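Convention: sequence-line order gives letters A, B, ...; per-chain numbering from 1. Because the structure is a prediction, the values reported are computed rather than measured.
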Amino acid sequence: MSERLSEISRHMQELRDAIELHNIRYYELDTPTIPDADFDKLFRELEELEQRHPQLITPDSPTQRVGIPPLKAFPRVAHRTPMLSLSNAFTEGEVEAFDRRVRQSLGIDHAEYAVEPKFDGLAISLCYENGTLVSGATRGDGYIGEDVTLNLKTIRSIPLGLKVADGGAGVPAFLEVRGEVLMLKADFERLNRQQREKNEKTFINPRNAAAGSLRQLDPRITANRNLRFFAYGIGACEGGNVPQDTHSHLLDYLSSLRFPVMRERRTVTGVAGLLEYHHEISGLREQLPYDIDGTVYKVNQLEYQEKLGFVSRAPRFALAHKFPAQEATTELLGIDVQVGRTGALTPVARLKPVFVGGATVTNATLHNEDEIRRKDVMIGDRVTVRRAGDVIPEVVAVQKESRPSDAKPFVMPRHCPVCGSRTVRLPGETLTRCTGGLFCPAQRKQAILHFASRRAMNIHGLGDKLVDHLVDNAIIRTPADLYKLGLAALAALDRMGEKSAGNIINEIEKSKDTILARFIYSLGIRNVGEATARDLARHFGGLDRLMEADVETLQQVSDVGPVVAQSIAGFFGERHNREVVEQLRAVGIRWKEDAGIQTADHAAGSAHLEAGAASSKIAGRIFVLTGTLPTMSREEAREKIEAMGGKVAGSVSKKTDYVVAGSDSGSKYDKALELGVALLDEAELMRLLQASQADDSSTQADS
DNA sequence: CAGCCTCGAGTTCT
DNA sequence: CTCGAGGCTG
């Protein structure tokens with residue numbers, strides 16, 4: 001045995017030496033002597049041996065060099081001035097609104113704009129000190145980017161040093177140039193051809209190719225990718241003869257420093273000028289050598305720009321006018337029917353895979369029967385597909401003129417495709433439902449998944465594959481059964497190691513400590529979501545009081561009307577449900593109960609409001625979160641706001657007090673502008689939170 | 001009773 | 001994110 005081991009050890013040393021040799025040849029001498037595939041084979045063999053004999057791994061093994069995620073390989077750098085995103089407009093109406101706001105704020109009749117195409121590439125920032133390029137970084141989240149200086153230096157159109165025409169006196173002490181790195185369409189095609197020949201993965205579009213190329217750890221690879229750079233603005237600057245009057249002069253200046261500046265830029269006046277330019281560029285789109293996704297408008301006078309300032313994370317003086325979402329046509333291969341947690345049958349279009357808006361789309365929801373009828377969709381049709389809101393695929397329309405003669409209409413099944421129970425569509429409802437209830441495996445699985453979901457009992461690692469397996473093999477039937485699972489039973493499943501089985505058992509155990517609101521939500525009572533579950537928990541304070549409440553008592557809770565009350569009473573009226581709840585309690589799920597506030601719900605609510613509102617700008621106020629915040633998730637922000645007694649709503653209305661906007665915020669941001677709701681960014685929110693926390697503790701200390 | 005505001009539910013892809 | 005529908009308010 002030990003002799004065999006020493007033999008293996010020797011072989012591993014040979015592999016290590018060979019790999020290192022090829023590594024050096026490849027990276028330093030640039031003359032690889034064996035094909036990449038053979039190299040990979042050696043590497044994999046070593047990896048396998050190391051996996052089997054971990055005690056034989058040496059610290060100098062080439063396998064130890066890799067495995068560091070490339071993301072971490074680039075140092076993070078803070079931008080001197082944040083790289084903000086632009087507000088988007090999709091319609092002419094939105095562009096008109098933008099121009100109106102600009103004119104009103106400035107008190108002028110006609111605004112002049114610097115306009116240019118919007119490149120579909122990566123925003124970067126280049127820093128020059130005394131005329132020398134010292135660093136370059138990606139946009140990142142706008143505040144912190146990745147330092148990719150070495151890679152940027154390989155881009156030939158980026159000047160490494162600045163030569164000022166006036167003889168050198170005018171070189172700025174510091175200059176930050178902003179622009180876009182991109183790959184030309186032709187270079188993208190060529191690169192993909194090469195990648196295919198080398199049997200390496202191809203890129204989806206020029207933007208991804210540019211991003212991938214810029215983030216190579218080996219600058220030599222970047223150098224071979226033929227990336228381009230175009231400047232479009234200036235961040236921070238000190239000294240030099242940098243123009244102070246207009247944006248277009250700034251671009252002329254950058255051009256004089258030999259930065260590539262796009263040829264299609266121009267200045268126009270008023271909405272008419274903006275729209276005409278947009279139209280013109282749309283027409284040119286196909287012929288341009290690079291991808292663009294719209295046009296950018298900036299108020300030309302720098303003085304005006306300053307006056308307009310910023311809202312949240314976007315300048316008020318600029319707008320990105322985007323082209324409409326790209327559409328594509330494909331074939332509708334069939335319509336499947338999915339069964340949801342509440343038994344709702346949802347028709348889903350199976351499409352011949354088609355590339356739209358940056359992703360390959362194969363499925364698209366058709367929502368319900370009425371939707372299918374409205375769009376007159378038949379199986380076998382050619383359909384137009386687009387990604388709505390840039391994410392969710394949607395069937396836009398049917399090309400009726402090319403409908404094949406054998407196209408079949410969709411018929412909502414009379415029986416559930418999963419359990420065979422009858423399906424019903426109640427009069428006045430749009431949804432068709434399976435009547436199988438928890439007898440239906442689809443509904444049972446969804447119920448368990450809902451129970452375990454993050455916002456309910458938060459059992460990490462219990463995904464749909466595992467639930468499928470557990471339910472199909474009759475290992476569990478109800479959420480309560482989860483808590484009776486043994487380690488042995490779980491580890492015995494295929495593809496489930498001892499370790500991951502242990503992790504899940506652990507997570508299940510952890511979930512036993514919870515709060516009443518989560519528990520109520522986790523039961524999956526129809527029409528009772530997170531918000532209602534919280535209201536119920538607050539009102540009743542204990543589970544027994546909730547379970548015993550009749551329809552009338554339930555309706556005393558705010559936001560609970562006859563329909564919701566009936567759902568709740570109906571749920572607890574079923575013996576099966578009461579049994580599951582009993583089992584869950586018996587198995588050790590626990591939460592704190594209190595007396596609740598069964599009378600005068602609204603009075604208690606307003607007392608709460610008064611207590612906070614006296615000193616706080618948060619308690620009782622309604623917040624809406626949108627976009628990606630720089631340092632925390634929306635979820636974290638919500639918790640912080642709620643901890644201070646604030647309320648977080650899902651949509652913006654007149655009642656909204658604050659909209660907290662991050663980057664890439666969407667329609668909610670626009671709505672906030674429209675309604676004149678106060679906009680905050682993350683930093684402002686944090687300040688607000690801290691201020692009211694200070695108030696809170698001082699008032700508490702006083703009393 | 002109408003219209004507005006919220007909440008619930010369902011969904012896709014990387 | 002979007003749609004539908006429940007609940008509240010004027």
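Residue A:Thr365 places none of its side-chain N or O atoms closer than 4.0 Å to OP1 or OP2 of B:dT12. For B:dG10, neither phosphate oxygen OP1 nor OP2 lies less than 4.0 angstrom from any side-chain nitrogen or oxygen of A:Gln338. Within the 4.0 Å cut-off from OP1 or OP2 of C:dG7, not a single side-chain nitrogen or oxygen of A:Ser558 is found. When the side-chain nitrogen and oxygen atoms of A:Thr346 are compared with OP1 and OP2 of B:dT11, one or more of them lie within a distance under 4.0 Å. Contact check, A:Arg526 against B:dG8: no side-chain N or O comes under 4.0 Å of OP1 or OP2. OP1 or OP2 of B:dC13 has at least one side-chain nitrogen or oxygen of A:Asn363 nearer than 4.0 Å.
In this structure A:Leu431 satisfies the side chain to side chain contact (heavy atoms under 4.5 Å, CB included) test together with A:Ala344, A:Asn368, A:Arg433, sequence neighbours excluded.
The CZ atom of A:Phe355 sits 12 Å away from the C1' atom of B:dC13 (whole-angstrom rounding). One atom, CG of A:Asn368, and another, C1' of B:dA9, lie 13 Å apart when rounded to the nearest Å. Distance A:Ile520 CD1 to B:dG8 P: 12 Å, rounded to the nearest Å. As a whole-Å value, the separation of A:Arg455 CZ from B:dA9 P is 13 Å. Between the CD atom of A:Glu394 and the C1' atom of B:dT11 there is a distance of 12 Å, given to the nearest Å. Rounded to an integer number of Å, the gap from A:Leu366 CG to B:dG10 P is 16 Å. Atoms CD (A:Gln555) and P (C:dG7) sit 7 Å apart, rounded to a whole Å.
Between B:dT14, B:dA9, C:dG6, one nucleotide has an atom nearer to the side chain of A:Thr342 than all others, and that is B:dA9. For A:Pro393, whose side chain is taken as the heavy atoms from C-beta onward, the closest listed nucleotide among B:dG10, C:dG7, B:dT12 is B:dT12.
In this structure, A:His415 NE2 and A:Leu345 CG are separated by 12.0 Å, a value rounded to the nearest 0.5 Å. The distance from the NE2 atom of A:His450 to the CZ atom of A:Arg455 is 11.0 Å, given to the nearest 0.5 Å.
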Verdict with supporting geometry, A:Lys375 and A:Glu371, salt bridge (charged side-chain N to carboxylate O under 4.0 Å, His left out): CA-CA 6 Å; A:Lys375 288 184 176 157; A:Glu371 178 86 1; 2.8 Å; yes
Show the distances under 3.5 angstrom between N or O atoms of the protein and N or O atoms of nucleotides 2-6 of chain B.
residue : atom : partner  : partner atom : Å
B:dT6   : OP2  : A:Ser653 : OG           : 2.9

